[in-house]
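Worksheet for the structure shown next.
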Amino acid sequence: MSFRAAVLKLVKKIPRGRVATYGQLATLLGRPRSARAVGQALRRADGVPWHRVVNAQGGISRRSRMSGMMTQRILLEQEGIVFRRGRVVLVRFRWQGRRLNLFRNDGILRG
DNA sequence: TGGTTGACGACAT
DNA sequence: CATGTCGCCAACC
């Protein structure tokens with residue numbers, strides 16, 4: 001199981017109307033310093049609620065196409081998520097995921 | 001292998 | 001608050 005597969009699997013667990021941050025997901029995966037890699041994994045993700053992942057500020061991260069950012073915000077608002085000053089109100093909409101133990105003590109992914 | 005590339009994040013200015 | 005810098009790390013080539 002690749003890191004990317006683990007990320008997508010976790011993102012699928014984020015319920016409608018909630019969001020998670022890249023760093024949060026990385027931590028839940030047992031890789032607290034891989035926030036950036038989580039973003040990479042999400043770059044080409046289909047079939048997963050990718051729009052429910054925002055940055056540590058609650059903002060929508062930049063990417064190649066600006067339209068993608070617009071889309072993300074719209075999708076989130078359609079789920080009832082509220083933005084304030086361009087950011088998701090994390091204290092209210094952050095998903096509290098469960099810590100997974102997908103990694104063995106030698107750092108290799110289980111699976 | 002080894003270098004490059006980002007949908008990151010913590011800090012400094 | 002807005003930028004810039006720097007460390008990080010999985011994927012890709």
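Just so we're clear, the structure is a prediction, and the values are computed from it rather than from any experiment.
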**Study point:** N/O (side chain, Arg31(A)) to phosphate O (OP1/OP2, dC8(B)) under 4.0 Å
**Key:** no
Check your understanding: Does Arg4(A) put a side-chain nitrogen or oxygen below 4.0 Å from OP1 or OP2 of dA10(C)?
Key -> no
Point to revise | Among Val53(A), Val89(A), Leu76(A), the one residue meeting side-chain contact (heavy atoms from CB on, under 4.5 Å) with Val19(A) | key: Leu76(A)
Check your understanding: When rounded to the nearest 0.5 angstrom, what distance separates CD1 in Ile81(A) from CG in Leu75(A)?
Key -> 10.0 Å
Check your understanding: Could you state the interatomic distance from CD1 (Ile60(A)) to CD (Gln72(A)), rounded to the nearest 0.5 Å?
Key -> 4.5 Å
Measure [atom1]/[X] against [atom2]/[N] and give the value in whole Å, please.
X	N	atom1	atom2	answer
Leu29(A)	dA11(C)	CG	P	11 Å
Trp50(A)	dG6(B)	CH2	C1'	17 Å
Asn55(A)	dT3(C)	CG	P	15 Å
Gln57(A)	dA10(B)	CD	C1'	9 Å
Arg62(A)	dG9(B)	CZ	P	16 Å
Leu8(A)	dA10(C)	CG	P	15 Å

Review point. Taking for each residue the nucleotide of DNA chain C bearing the nearest heavy atom, is the 5' side occupied by Gln40(A) or by Arg87(A)?
Key: Arg87(A)
Check your understanding: Of Arg85(A) and Arg33(A), whose nearest nucleotide on DNA chain C comes first from the 5' end?
Key -> Arg85(A)
Review point. Is the closest basic N to carboxylate O distance between Arg52(A) and Glu79(A) below 4.0 Å?
Key: yes
Side chain of [X] only, please: which of [options] is the nearest?
X	options	answer
Tyr22(A)	dA7(B), dC12(C), dA10(C)	dA7(B)
Arg44(A)	dA7(B), dC12(C), dG9(B)	dC12(C)
Arg36(A)	dA10(C), dC8(B), dA11(C)	dC8(B)
Ser34(A)	dA7(B), dA11(C), dC9(C)	dC9(C)
Arg43(A)	dC8(B), dG9(B), dG6(B)	dG6(B)
Ala37(A)	dC12(C), dG9(B), dA10(C)	dA10(C)

Review point. Distance only, no hydrogens: is a donor on one side chain within 3.5 Å (strictly under) of an acceptor on the other, for Gln78(A) and Arg16(A)?
Key: no
